[in-house]
2 protein chains.
Amino acid sequence: MNPAHPATPAAQAGEAAARPGAGASLGQRISDALAQRIVDGEWGPDQRLPVERELAERFGCTRITLREALQQLEAEGRVYRENRRGWFASPPRIRYDPTSIAGFMRYVAEQGRTPRTELLEAVRSGDGLALARRLQLPDAGAEVFVLRRRRWIDRRAVLLETNILRASWAPTLLEHDLAGSLSRVLTGTLGLHLARSRLSIHPASLDPAQAALLQSTVGTPCLRLRRVNYDDAGQVVELDVESWRHDALAVTVEVTAPSAA
Amino acid sequence: MNPAHPATPAAQAGEAAARPGAGASLGQRISDALAQRIVDGEWGPDQRLPVERELAERFGCTRITLREALQQLEAEGRVYRENRRGWFASPPRIRYDPTSIAGFMRYVAEQGRTPRTELLEAVRSGDGLALARRLQLPDAGAEVFVLRRRRWIDRRAVLLETNILRASWAPTLLEHDLAGSLSRVLTGTLGLHLARSRLSIHPASLDPAQAALLQSTVGTPCLRLRRVNYDDAGQVVELDVESWRHDALAVTVEVTAPSAA
DNA sequence: GAGTGGTCTAGACCACCGA
DNA sequence: CGGTGGTCTAGACCACTCC
(Lines give C-alpha, C1' and ligand atoms only; values in the text may rest on other atoms or scores of the structure.)
Protein backbone atom coordinates (compact mmCIF):
# COMPACT_ATOMS: atom_id res chain seq x y z
CA MET A 1 0.00 0.00 0.00
CA ASN A 2 2.94 2.32 -0.61
CA PRO A 3 2.95 2.99 -4.34
CA ALA A 4 6.25 4.81 -4.26
CA HIS A 5 6.57 5.23 -7.97
CA PRO A 6 5.97 8.41 -9.94
CA ALA A 7 2.32 8.82 -10.74
CA THR A 8 -0.03 11.59 -11.52
CA PRO A 9 -1.13 12.87 -8.13
CA ALA A 10 -4.76 13.08 -9.14
CA ALA A 11 -4.24 16.62 -10.33
CA GLN A 12 -5.48 18.16 -7.14
CA ALA A 13 -4.11 18.99 -3.75
CA GLY A 14 -7.16 19.77 -1.74
CA GLU A 15 -7.60 22.88 -3.80
CA ALA A 16 -10.13 23.66 -6.46
CA ALA A 17 -9.13 21.37 -9.31
CA ALA A 18 -9.28 21.97 -13.02
CA ARG A 19 -12.93 21.37 -13.73
CA PRO A 20 -13.66 18.96 -16.51
CA GLY A 21 -16.93 20.72 -17.28
CA ALA A 22 -18.36 17.66 -18.95
CA GLY A 23 -20.55 15.20 -17.16
CA ALA A 24 -21.46 17.77 -14.56
CA SER A 25 -24.95 19.07 -13.92
CA LEU A 26 -26.29 22.06 -15.79
CA GLY A 27 -26.09 24.28 -12.75
CA GLN A 28 -22.51 23.16 -12.27
CA ARG A 29 -21.54 23.92 -15.85
CA ILE A 30 -23.16 27.34 -15.70
CA SER A 31 -21.29 27.99 -12.47
CA ASP A 32 -18.03 27.03 -14.16
CA ALA A 33 -18.75 29.25 -17.15
CA LEU A 34 -19.48 32.21 -14.91
CA ALA A 35 -16.39 31.53 -12.82
CA GLN A 36 -14.28 31.59 -15.97
CA ARG A 37 -15.72 34.93 -17.02
CA ILE A 38 -14.99 36.38 -13.61
CA VAL A 39 -11.41 35.14 -13.78
CA ASP A 40 -11.15 36.65 -17.24
CA GLY A 41 -12.10 39.96 -15.72
CA GLU A 42 -15.44 40.39 -17.43
CA TRP A 43 -16.72 41.77 -14.15
CA GLY A 44 -14.23 43.55 -11.93
CA PRO A 45 -14.15 43.61 -8.12
CA ASP A 46 -17.40 44.82 -6.55
CA GLN A 47 -18.93 45.13 -9.99
CA ARG A 48 -22.49 44.00 -10.56
CA LEU A 49 -23.33 40.99 -12.70
CA PRO A 50 -26.18 41.13 -15.23
CA VAL A 51 -29.67 40.57 -13.85
CA GLU A 52 -30.73 37.00 -13.15
CA ARG A 53 -33.35 36.82 -15.88
CA GLU A 54 -30.88 37.91 -18.50
CA LEU A 55 -28.25 35.41 -17.36
CA ALA A 56 -30.86 32.66 -17.26
CA GLU A 57 -31.86 33.42 -20.82
CA ARG A 58 -28.25 33.63 -21.94
CA PHE A 59 -27.57 30.16 -20.53
CA GLY A 60 -30.91 28.78 -21.58
CA CYS A 61 -32.11 27.71 -18.16
CA THR A 62 -34.61 28.54 -15.46
CA ARG A 63 -33.97 31.23 -12.92
CA ILE A 64 -33.91 28.55 -10.25
CA THR A 65 -31.11 26.71 -12.00
CA LEU A 66 -29.24 29.94 -12.57
CA ARG A 67 -29.57 30.89 -8.92
CA GLU A 68 -28.23 27.49 -7.98
CA ALA A 69 -25.15 28.26 -10.06
CA LEU A 70 -24.77 31.65 -8.40
CA GLN A 71 -25.13 30.16 -4.92
CA GLN A 72 -22.38 27.76 -5.87
CA LEU A 73 -20.13 30.69 -6.73
CA GLU A 74 -21.18 32.39 -3.54
CA ALA A 75 -20.03 29.37 -1.55
CA GLU A 76 -16.68 29.52 -3.32
CA GLY A 77 -16.35 33.18 -2.43
CA ARG A 78 -16.27 34.35 -6.05
CA VAL A 79 -19.44 36.40 -5.90
CA TYR A 80 -21.53 37.96 -3.16
CA ARG A 81 -24.98 39.40 -3.13
CA GLU A 82 -26.63 42.43 -1.65
CA ASN A 83 -30.18 41.88 -0.61
CA ARG A 84 -32.52 42.59 -3.52
CA ARG A 85 -29.81 44.55 -5.25
CA GLY A 86 -28.04 41.88 -7.23
CA TRP A 87 -24.88 39.81 -7.48
CA PHE A 88 -21.36 41.23 -7.44
CA ALA A 89 -17.90 39.91 -8.19
CA SER A 90 -15.91 39.41 -4.98
CA PRO A 91 -12.72 41.44 -4.54
CA PRO A 92 -9.63 39.66 -3.16
CA ARG A 93 -9.78 38.49 0.44
CA ILE A 94 -8.25 40.60 3.17
CA ARG A 95 -5.53 38.74 4.99
CA TYR A 96 -5.88 39.10 8.71
CA ASP A 97 -3.50 37.89 11.38
CA PRO A 98 -5.36 37.82 14.70
CA THR A 99 -2.12 37.40 16.63
CA SER A 100 -0.70 40.70 15.45
CA ILE A 101 -1.28 44.03 17.14
CA ALA A 102 -2.46 45.74 14.00
CA GLY A 103 -6.17 46.51 14.00
CA PHE A 104 -8.74 46.42 11.23
CA MET A 105 -8.14 49.98 10.06
CA ARG A 106 -4.46 49.41 9.65
CA TYR A 107 -4.21 46.06 7.92
CA VAL A 108 -7.01 46.85 5.50
CA ALA A 109 -5.25 50.07 4.54
CA GLU A 110 -1.93 48.25 4.27
CA GLN A 111 -3.46 45.98 1.67
CA GLY A 112 -4.46 48.89 -0.49
CA ARG A 113 -8.12 48.93 0.44
CA THR A 114 -10.26 51.55 2.16
CA PRO A 115 -11.44 50.67 5.67
CA ARG A 116 -14.27 52.34 7.52
CA THR A 117 -15.73 51.76 10.95
CA GLU A 118 -19.20 52.69 12.01
CA LEU A 119 -20.23 52.73 15.65
CA LEU A 120 -23.71 51.24 15.93
CA GLU A 121 -24.08 51.21 19.68
CA ALA A 122 -22.06 51.96 22.78
CA VAL A 123 -23.71 51.38 26.12
CA ARG A 124 -22.89 50.70 29.73
CA SER A 125 -24.80 47.84 31.19
CA GLY A 126 -24.87 46.64 34.77
CA ASP A 127 -27.59 44.07 34.81
CA GLY A 128 -26.80 40.38 34.67
CA LEU A 129 -26.49 40.61 30.94
CA ALA A 130 -27.53 37.43 29.18
CA LEU A 131 -24.75 38.12 26.73
CA ALA A 132 -21.99 38.23 29.26
CA ARG A 133 -23.30 35.14 30.93
CA ARG A 134 -23.49 33.22 27.73
CA LEU A 135 -20.02 34.41 26.81
CA GLN A 136 -18.64 33.12 30.09
CA LEU A 137 -17.87 36.36 31.79
CA PRO A 138 -17.11 34.92 35.19
CA ASP A 139 -19.01 37.31 37.45
CA ALA A 140 -22.26 37.87 35.63
CA GLY A 141 -23.08 40.92 37.71
CA ALA A 142 -20.05 42.94 36.70
CA GLU A 143 -20.65 46.19 34.86
CA VAL A 144 -19.66 46.03 31.23
CA PHE A 145 -19.50 48.20 28.18
CA VAL A 146 -21.07 46.83 25.04
CA LEU A 147 -19.89 48.14 21.70
CA ARG A 148 -21.42 47.17 18.41
CA ARG A 149 -19.68 48.23 15.27
CA ARG A 150 -20.03 47.70 11.56
CA ARG A 151 -16.91 47.76 9.43
CA TRP A 152 -16.50 48.37 5.74
CA ILE A 153 -13.95 47.62 3.08
CA ASP A 154 -14.21 49.91 0.10
CA ARG A 155 -17.92 50.17 -0.72
CA ARG A 156 -19.04 47.12 1.17
CA ALA A 157 -20.01 46.26 4.73
CA VAL A 158 -18.10 43.09 5.54
CA LEU A 159 -17.99 42.72 9.29
CA LEU A 160 -20.14 43.05 12.39
CA GLU A 161 -18.30 43.24 15.66
CA THR A 162 -19.46 43.19 19.25
CA ASN A 163 -17.10 44.02 22.09
CA ILE A 164 -17.93 43.44 25.72
CA LEU A 165 -15.46 45.05 28.11
CA ARG A 166 -15.31 44.95 31.86
CA ALA A 167 -16.18 48.50 32.84
CA SER A 168 -13.81 48.55 35.80
CA TRP A 169 -10.94 47.75 33.48
CA ALA A 170 -11.44 50.73 31.17
CA PRO A 171 -13.73 53.10 33.08
CA THR A 172 -13.44 56.08 30.72
CA LEU A 173 -13.86 54.07 27.54
CA LEU A 174 -17.02 55.77 26.31
CA GLU A 175 -15.35 59.17 26.40
CA HIS A 176 -13.06 58.26 23.55
CA ASP A 177 -13.44 57.85 19.82
CA LEU A 178 -14.80 54.36 19.20
CA ALA A 179 -15.16 54.60 15.44
CA GLY A 180 -11.50 53.92 14.86
CA SER A 181 -9.09 51.45 16.33
CA LEU A 182 -10.28 50.06 19.66
CA SER A 183 -6.88 48.58 20.39
CA ARG A 184 -5.31 51.99 19.94
CA VAL A 185 -7.64 53.47 22.51
CA LEU A 186 -7.06 50.66 24.97
CA THR A 187 -3.34 50.10 24.70
CA GLY A 188 -2.41 53.60 23.57
CA THR A 189 -4.59 56.24 25.17
CA LEU A 190 -5.61 54.23 28.23
CA GLY A 191 -2.28 52.45 28.66
CA LEU A 192 -3.91 49.06 29.23
CA HIS A 193 -2.29 45.74 28.61
CA LEU A 194 -3.57 42.34 27.52
CA ALA A 195 -1.65 39.29 28.62
CA ARG A 196 -3.36 36.50 26.76
CA SER A 197 -6.04 35.82 24.17
CA ARG A 198 -8.07 32.81 23.25
CA LEU A 199 -9.43 32.89 19.72
CA SER A 200 -11.98 30.60 18.14
CA ILE A 201 -12.89 30.51 14.46
CA HIS A 202 -15.73 28.64 12.82
CA PRO A 203 -18.02 28.88 9.83
CA ALA A 204 -21.58 29.89 10.60
CA SER A 205 -24.39 31.82 8.96
CA LEU A 206 -25.99 35.20 9.38
CA ASP A 207 -29.13 35.58 11.43
CA PRO A 208 -31.84 38.00 10.26
CA ALA A 209 -30.55 40.98 12.25
CA GLN A 210 -27.00 40.52 11.04
CA ALA A 211 -28.09 39.95 7.48
CA ALA A 212 -29.96 43.24 7.51
CA LEU A 213 -26.90 45.11 8.79
CA LEU A 214 -24.67 43.59 6.13
CA GLN A 215 -27.16 44.20 3.30
CA SER A 216 -27.23 40.48 2.96
CA THR A 217 -29.79 37.70 3.18
CA VAL A 218 -30.63 35.37 6.02
CA GLY A 219 -28.57 32.24 5.95
CA THR A 220 -25.66 33.66 4.02
CA PRO A 221 -22.57 31.81 5.18
CA CYS A 222 -20.16 33.78 7.33
CA LEU A 223 -17.00 33.28 9.33
CA ARG A 224 -17.34 33.81 13.05
CA LEU A 225 -14.35 34.80 15.18
CA ARG A 226 -14.69 34.82 18.93
CA ARG A 227 -11.99 36.15 21.18
CA VAL A 228 -11.60 36.15 24.95
CA ASN A 229 -8.97 38.53 26.28
CA TYR A 230 -7.29 38.23 29.66
CA ASP A 231 -5.28 40.75 31.64
CA ASP A 232 -2.08 40.04 33.56
CA ALA A 233 -4.04 38.71 36.52
CA GLY A 234 -5.69 36.13 34.29
CA GLN A 235 -9.07 37.81 34.51
CA VAL A 236 -11.38 38.10 31.52
CA VAL A 237 -11.48 41.76 30.56
CA GLU A 238 -12.86 41.71 27.04
CA LEU A 239 -14.96 39.54 24.79
CA ASP A 240 -15.06 40.05 21.07
CA VAL A 241 -17.35 38.43 18.50
CA GLU A 242 -16.83 39.14 14.83
CA SER A 243 -19.05 37.95 11.98
CA TRP A 244 -17.37 38.34 8.60
CA ARG A 245 -18.80 37.98 5.14
CA HIS A 246 -17.17 34.69 4.33
CA ASP A 247 -15.62 35.75 1.04
CA ALA A 248 -13.94 38.82 2.52
CA LEU A 249 -11.41 37.20 4.77
CA ALA A 250 -8.46 34.86 4.98
CA VAL A 251 -7.18 34.36 8.51
CA THR A 252 -3.42 33.91 8.69
CA VAL A 253 -1.42 32.83 11.69
CA GLU A 254 2.33 32.84 12.15
CA VAL A 255 3.53 30.06 14.41
CA THR A 256 7.07 29.92 15.68
CA ALA A 257 8.57 26.65 16.79
CA PRO A 258 5.33 24.70 16.44
CA SER A 259 7.00 21.51 17.59
CA ALA A 260 8.40 22.97 20.77
CA ALA A 261 6.56 21.72 23.83
CA MET B 1 -23.32 59.56 19.53
CA ASN B 2 -22.34 58.04 22.87
CA PRO B 3 -25.55 56.88 24.50
CA ALA B 4 -23.95 55.84 27.75
CA HIS B 5 -27.12 54.84 29.51
CA PRO B 6 -28.37 51.33 30.19
CA ALA B 7 -30.29 49.97 27.26
CA THR B 8 -31.09 46.64 25.77
CA PRO B 9 -28.13 45.80 23.56
CA ALA B 10 -30.25 44.61 20.68
CA ALA B 11 -30.33 41.13 22.15
CA GLN B 12 -27.52 39.86 20.00
CA ALA B 13 -23.77 39.99 20.01
CA GLY B 14 -22.82 38.81 16.63
CA GLU B 15 -24.14 35.40 17.56
CA ALA B 16 -27.23 33.66 16.39
CA ALA B 17 -30.01 35.61 18.03
CA ALA B 18 -33.28 34.36 19.39
CA ARG B 19 -35.31 34.00 16.25
CA PRO B 20 -38.67 35.72 16.26
CA GLY B 21 -40.07 33.13 13.87
CA ALA B 22 -42.81 35.43 12.71
CA GLY B 23 -42.56 37.55 9.62
CA ALA B 24 -39.91 35.25 8.21
CA SER B 25 -40.24 33.31 5.01
CA LEU B 26 -41.70 29.84 4.97
CA GLY B 27 -38.33 28.23 4.34
CA GLN B 28 -36.93 30.23 7.24
CA ARG B 29 -39.70 29.15 9.60
CA ILE B 30 -39.30 25.52 8.63
CA SER B 31 -35.58 25.84 9.19
CA ASP B 32 -36.22 27.26 12.65
CA ALA B 33 -38.65 24.50 13.49
CA LEU B 34 -36.18 21.83 12.44
CA ALA B 35 -33.38 23.56 14.34
CA GLN B 36 -35.50 23.49 17.47
CA ARG B 37 -36.18 19.79 17.11
CA ILE B 38 -32.49 19.11 16.70
CA VAL B 39 -31.70 21.11 19.81
CA ASP B 40 -34.43 19.19 21.62
CA GLY B 41 -32.59 16.03 20.69
CA GLU B 42 -35.19 14.54 18.39
CA TRP B 43 -32.31 13.45 16.18
CA GLY B 44 -29.02 12.68 17.87
CA PRO B 45 -25.52 13.24 16.50
CA ASP B 46 -24.93 11.57 13.12
CA GLN B 47 -28.51 10.35 13.09
CA ARG B 48 -30.51 10.51 9.90
CA LEU B 49 -33.44 12.87 9.47
CA PRO B 50 -36.68 11.68 7.86
CA VAL B 51 -36.76 11.62 4.08
CA GLU B 52 -37.34 14.89 2.28
CA ARG B 53 -40.75 14.03 0.91
CA GLU B 54 -42.02 13.15 4.33
CA LEU B 55 -40.67 16.33 5.90
CA ALA B 56 -42.13 18.38 3.06
CA GLU B 57 -45.53 16.86 3.62
CA ARG B 58 -45.27 17.31 7.35
CA PHE B 59 -44.55 21.01 6.90
CA GLY B 60 -46.97 21.41 4.03
CA CYS B 61 -44.54 22.70 1.47
CA THR B 62 -42.75 21.74 -1.71
CA ARG B 63 -39.59 19.72 -1.67
CA ILE B 64 -37.75 22.72 -3.06
CA THR B 65 -38.82 24.85 -0.14
CA LEU B 66 -37.95 22.11 2.30
CA ARG B 67 -34.51 21.70 0.75
CA GLU B 68 -33.99 25.43 1.08
CA ALA B 69 -34.65 25.07 4.80
CA LEU B 70 -32.21 22.17 5.04
CA GLN B 71 -29.53 24.07 3.15
CA GLN B 72 -30.01 26.87 5.63
CA LEU B 73 -29.33 24.44 8.47
CA GLU B 74 -26.37 23.07 6.56
CA ALA B 75 -24.87 26.56 6.35
CA GLU B 76 -25.32 26.92 10.09
CA GLY B 77 -23.54 23.64 10.64
CA ARG B 78 -26.53 21.96 12.29
CA VAL B 79 -27.01 19.27 9.69
CA TYR B 80 -24.87 17.74 6.99
CA ARG B 81 -25.68 15.54 4.04
CA GLU B 82 -24.22 12.47 2.47
CA ASN B 83 -24.62 12.34 -1.24
CA ARG B 84 -27.88 10.61 -2.14
CA ARG B 85 -28.08 9.13 1.31
CA GLY B 86 -29.90 11.80 3.23
CA TRP B 87 -29.52 14.47 5.88
CA PHE B 88 -27.95 13.93 9.29
CA ALA B 89 -27.74 15.89 12.52
CA SER B 90 -24.27 17.34 13.03
CA PRO B 91 -22.29 16.23 16.06
CA PRO B 92 -20.40 18.89 18.08
CA ARG B 93 -17.44 20.54 16.38
CA ILE B 94 -13.94 19.30 17.04
CA ARG B 95 -11.77 22.02 18.52
CA TYR B 96 -8.41 22.18 16.84
CA ASP B 97 -5.46 24.33 17.77
CA PRO B 98 -3.09 24.47 14.81
CA THR B 99 -0.34 25.96 16.94
CA SER B 100 -0.14 22.94 19.21
CA ILE B 101 1.95 19.88 18.58
CA ALA B 102 -0.94 17.48 18.95
CA GLY B 103 -2.02 15.89 15.68
CA PHE B 104 -5.44 14.89 14.42
CA MET B 105 -5.45 11.44 15.97
CA ARG B 106 -4.69 12.78 19.39
CA TYR B 107 -6.96 15.76 19.74
CA VAL B 108 -9.94 13.97 18.27
CA ALA B 109 -9.47 11.14 20.75
CA GLU B 110 -8.98 13.62 23.59
CA GLN B 111 -12.41 15.05 22.83
CA GLY B 112 -14.03 11.68 23.21
CA ARG B 113 -14.43 10.92 19.53
CA THR B 114 -13.01 8.19 17.34
CA PRO B 115 -10.40 9.30 14.78
CA ARG B 116 -9.32 7.32 11.76
CA THR B 117 -6.83 8.07 9.02
CA GLU B 118 -6.84 6.53 5.59
CA LEU B 119 -3.88 6.83 3.26
CA LEU B 120 -5.17 7.49 -0.25
CA GLU B 121 -1.90 8.01 -2.03
CA ALA B 122 1.81 8.27 -1.24
CA VAL B 123 4.13 8.99 -4.14
CA ARG B 124 7.52 10.43 -4.88
CA SER B 125 7.49 12.97 -7.64
CA GLY B 126 10.43 14.65 -9.26
CA ASP B 127 8.95 16.50 -12.15
CA GLY B 128 8.23 20.19 -11.89
CA LEU B 129 4.99 19.43 -10.19
CA ALA B 130 2.31 21.98 -10.96
CA LEU B 131 1.21 21.56 -7.41
CA ALA B 132 4.47 22.50 -5.83
CA ARG B 133 4.82 25.43 -8.15
CA ARG B 134 1.40 26.74 -7.38
CA LEU B 135 2.02 26.21 -3.72
CA GLN B 136 5.17 28.31 -3.86
CA LEU B 137 7.75 25.64 -3.34
CA PRO B 138 10.80 27.74 -4.16
CA ASP B 139 12.75 25.37 -6.40
CA ALA B 140 10.10 23.81 -8.60
CA GLY B 141 12.39 21.01 -9.69
CA ALA B 142 13.00 19.61 -6.21
CA GLU B 143 11.88 16.08 -5.54
CA VAL B 144 8.90 15.87 -3.25
CA PHE B 145 6.67 13.35 -1.59
CA VAL B 146 2.97 13.79 -2.05
CA LEU B 147 0.63 12.31 0.52
CA ARG B 148 -3.10 12.36 0.26
CA ARG B 149 -5.10 11.22 3.20
CA ARG B 150 -8.71 11.06 4.24
CA ARG B 151 -9.56 11.41 7.89
CA TRP B 152 -12.63 10.34 9.79
CA ILE B 153 -14.34 11.25 13.00
CA ASP B 154 -16.61 8.49 14.29
CA ARG B 155 -18.58 7.25 11.27
CA ARG B 156 -17.96 10.22 9.03
CA ALA B 157 -15.23 11.37 6.63
CA VAL B 158 -14.60 14.98 7.56
CA LEU B 159 -11.24 15.96 6.16
CA LEU B 160 -9.08 15.63 3.07
CA GLU B 161 -5.43 16.40 3.52
CA THR B 162 -2.60 16.75 1.07
CA ASN B 163 1.00 16.97 2.25
CA ILE B 164 3.88 17.89 0.03
CA LEU B 165 7.27 17.31 1.60
CA ARG B 166 10.70 18.03 0.28
CA ALA B 167 12.13 14.58 -0.33
CA SER B 168 15.65 15.54 0.69
CA TRP B 169 14.34 16.63 4.06
CA ALA B 170 12.75 13.28 4.98
CA PRO B 171 14.27 10.76 2.55
CA THR B 172 12.92 7.61 4.22
CA LEU B 173 9.40 8.94 4.70
CA LEU B 174 7.61 6.37 2.58
CA GLU B 175 9.06 3.52 4.62
CA HIS B 176 7.03 4.49 7.65
CA ASP B 177 3.43 4.19 8.67
CA LEU B 178 1.59 7.10 7.11
CA ALA B 179 -1.89 6.22 8.26
CA GLY B 180 -1.34 7.64 11.71
CA SER B 181 0.24 10.82 12.94
CA LEU B 182 2.53 12.38 10.37
CA SER B 183 4.01 14.71 12.93
CA ARG B 184 4.93 11.75 15.07
CA VAL B 185 6.84 10.19 12.20
CA LEU B 186 8.61 13.42 11.36
CA THR B 187 9.50 14.79 14.76
CA GLY B 188 9.61 11.47 16.58
CA THR B 189 10.94 8.69 14.40
CA LEU B 190 12.91 10.84 11.99
CA GLY B 191 14.00 13.39 14.56
CA LEU B 192 13.19 16.34 12.32
CA HIS B 193 12.40 19.82 13.51
CA LEU B 194 10.20 22.60 12.23
CA ALA B 195 11.15 26.16 13.05
CA ARG B 196 8.23 28.14 11.76
CA SER B 197 4.79 27.74 10.24
CA ARG B 198 2.55 30.00 8.28
CA LEU B 199 -1.11 29.05 8.40
CA SER B 200 -3.95 30.41 6.31
CA ILE B 201 -7.64 29.69 6.88
CA HIS B 202 -10.52 30.57 4.63
CA PRO B 203 -13.99 29.32 3.73
CA ALA B 204 -14.26 27.64 0.35
CA SER B 205 -16.28 24.88 -1.26
CA LEU B 206 -15.67 21.31 -2.35
CA ASP B 207 -14.80 20.54 -5.94
CA PRO B 208 -16.22 17.39 -7.57
CA ALA B 209 -13.27 15.15 -6.67
CA GLN B 210 -13.25 16.23 -3.05
CA ALA B 211 -17.01 15.98 -2.78
CA ALA B 212 -16.85 12.39 -3.96
CA LEU B 213 -14.20 11.50 -1.38
CA LEU B 214 -16.20 13.07 1.44
CA GLN B 215 -19.49 11.44 0.37
CA SER B 216 -20.69 14.97 -0.15
CA THR B 217 -22.01 17.06 -3.01
CA VAL B 218 -20.26 19.55 -5.23
CA GLY B 219 -20.35 23.04 -3.85
CA THR B 220 -20.78 22.03 -0.23
CA PRO B 221 -19.10 24.71 1.84
CA CYS B 222 -15.85 23.73 3.53
CA LEU B 223 -13.06 25.26 5.56
CA ARG B 224 -9.67 25.26 3.90
CA LEU B 225 -6.49 25.36 5.95
CA ARG B 226 -3.19 25.84 4.21
CA ARG B 227 0.09 25.57 6.01
CA VAL B 228 3.66 26.25 4.92
CA ASN B 229 6.32 24.79 7.18
CA TYR B 230 9.93 26.00 7.35
CA ASP B 231 13.00 24.39 8.82
CA ASP B 232 15.65 26.15 10.88
CA ALA B 233 17.37 27.43 7.74
CA GLY B 234 14.18 29.16 6.70
CA GLN B 235 13.61 26.77 3.81
CA VAL B 236 10.17 25.46 2.90
CA VAL B 237 10.12 21.77 3.76
CA GLU B 238 6.43 20.95 3.86
CA LEU B 239 3.16 22.17 2.47
CA ASP B 240 -0.16 21.09 3.87
CA VAL B 241 -3.65 21.68 2.53
CA GLU B 242 -6.66 20.54 4.53
CA SER B 243 -10.27 20.72 3.42
CA TRP B 244 -12.67 20.21 6.30
CA ARG B 245 -16.38 19.66 6.26
CA HIS B 246 -17.32 23.07 7.54
CA ASP B 247 -19.52 21.90 10.38
CA ALA B 248 -16.90 19.58 11.84
CA LEU B 249 -14.35 22.10 13.02
CA ALA B 250 -13.69 25.07 15.26
CA VAL B 251 -10.17 26.40 14.99
CA THR B 252 -8.82 27.75 18.25
CA VAL B 253 -5.66 29.72 18.76
CA GLU B 254 -3.95 30.66 21.98
CA VAL B 255 -2.14 33.96 21.78
CA THR B 256 0.20 35.15 24.49
CA ALA B 257 0.94 38.83 24.90
CA PRO B 258 -0.99 39.87 21.81
CA SER B 259 -0.17 43.50 22.39
CA ALA B 260 3.57 42.99 22.65
CA ALA B 261 5.40 44.29 19.61
C1' DG C 1 -43.97 52.70 -11.57
C1' DA C 2 -40.83 49.44 -13.83
C1' DG C 3 -37.92 46.02 -12.86
C1' DT C 4 -35.25 43.36 -9.61
C1' DG C 5 -34.29 39.64 -6.49
C1' DG C 6 -36.75 36.60 -2.91
C1' DT C 7 -39.91 33.09 -2.48
C1' DC C 8 -43.01 29.35 -3.62
C1' DT C 9 -45.80 25.90 -6.29
C1' DA C 10 -46.65 21.47 -8.80
C1' DG C 11 -44.94 18.82 -11.06
C1' DA C 12 -41.07 15.65 -13.63
C1' DC C 13 -37.03 12.62 -14.72
C1' DC C 14 -32.72 10.59 -13.49
C1' DA C 15 -28.77 8.42 -10.93
C1' DC C 16 -27.78 6.04 -7.34
C1' DC C 17 -28.27 3.46 -2.69
C1' DG C 18 -29.70 -0.27 -0.40
C1' DA C 19 -32.54 -4.23 0.22
C1' DC D 1 -35.93 -2.84 -8.09
C1' DG D 2 -38.21 0.46 -5.07
C1' DG D 3 -37.25 4.66 -2.94
C1' DT D 4 -34.13 8.38 -2.20
C1' DG D 5 -31.86 12.58 -3.11
C1' DG D 6 -30.16 15.51 -7.16
C1' DT D 7 -31.69 18.20 -10.78
C1' DC D 8 -34.65 20.88 -13.76
C1' DT D 9 -38.84 23.08 -15.83
C1' DA D 10 -42.46 26.76 -16.35
C1' DG D 11 -44.54 29.37 -14.36
C1' DA D 12 -46.34 32.90 -10.34
C1' DC D 13 -46.62 36.63 -6.74
C1' DC D 14 -44.52 39.83 -3.64
C1' DA D 15 -41.37 43.26 -1.42
C1' DC D 16 -38.23 46.09 -2.35
C1' DT D 17 -34.82 49.19 -5.10
C1' DC D 18 -34.09 52.56 -8.08
C1' DC D 19 -35.42 55.79 -11.26
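Everything numeric in this text was worked out from a predicted model, so none of it was measured. Labels below follow one simple rule: chain letters A, B, ... track the order of the sequence lines, proteins then strands, and each chain is numbered from 1.
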(Q) Using a 6.0 Å cut-off, check whether atom CZ of A/R58 has over 12 heavy atoms from anything other than its own residue. (A) yes
Q) Taking only residues two or more places apart in sequence or in another chain, which ones pass salt bridge (charged side-chain N to carboxylate O under 4.0 Å, His left out) with A/D154? A) A/R113
Q. B/E52: what forms a side-chain hydrogen bond (donor to acceptor under 3.5 Å, both in side chains) with it, not counting sequence neighbours?
A. B/R63, B/R67, B/W87
(Q) Quick check on DNA chain D: between A/R84 and B/N83, whose nearest nucleotide comes earlier from the 5' end? (A) B/N83
Q) What residues form a side chain to side chain contact (heavy atoms under 4.5 Å, CB included) with A/R48, not counting sequence neighbours? A) A/V51, A/F88
(Q) Heavy-atom nearest nucleotide on DNA chain D for A/C61 versus A/Q215: which residue maps closer to 5'? (A) A/C61
(Q) Run the side-chain hydrogen bond (donor to acceptor under 3.5 Å, both in side chains) test against B/R149 and tell me which residues pass, sequence neighbours left out. (A) none
(Q) What is the first contacted nucleotide of DNA chain C and what is the last, in 5' to 3' order, if contact means an atom lying under 4.0 angstrom from a heavy atom of chain B? (A) C/dT7 to C/dG18
Q: Return no unless some side-chain N or O of B/R48 is found under 4.0 Å from OP1 or OP2 of D/dG5.
A: yes
Q: Would you mind listing every salt bridge (charged side-chain N to carboxylate O under 4.0 Å, His left out) that reaches into residues 85-98 of chain B, with sequence neighbours excluded?
A: B/E82-B/R85
Q) Is there a residue in residues 49-57 of chain A whose heavy atoms reach under 4.0 Å of DNA chain C, and which residues are they? A) A/V51, A/E52, A/R53
(Q) Just to verify, what does A/Q47 make a side-chain hydrogen bond (donor to acceptor under 3.5 Å, both in side chains) with, not counting sequence neighbours? (A) none
Q.
Can you list, in residue-number order, the parts of residues 62-70 of chain A that come under 4.0 Å of DNA chain D, counting heavy atoms only?
A. A/T62, A/R63, A/I64, A/T65, A/E68
Q.
Suppose we screen for side chain to side chain contact (heavy atoms under 4.5 Å, CB included). Which residues come up paired with B/R116, at least two apart in sequence or across chains?
A. B/W152
Q: Using the test salt bridge (charged side-chain N to carboxylate O under 4.0 Å, His left out), find all partners of A/R84 that sit at least two apart in sequence or belong to another chain.
A: none
Q. Taking only residues two or more places apart in sequence or in another chain, which ones pass salt bridge (charged side-chain N to carboxylate O under 4.0 Å, His left out) with B/R53?
A. none
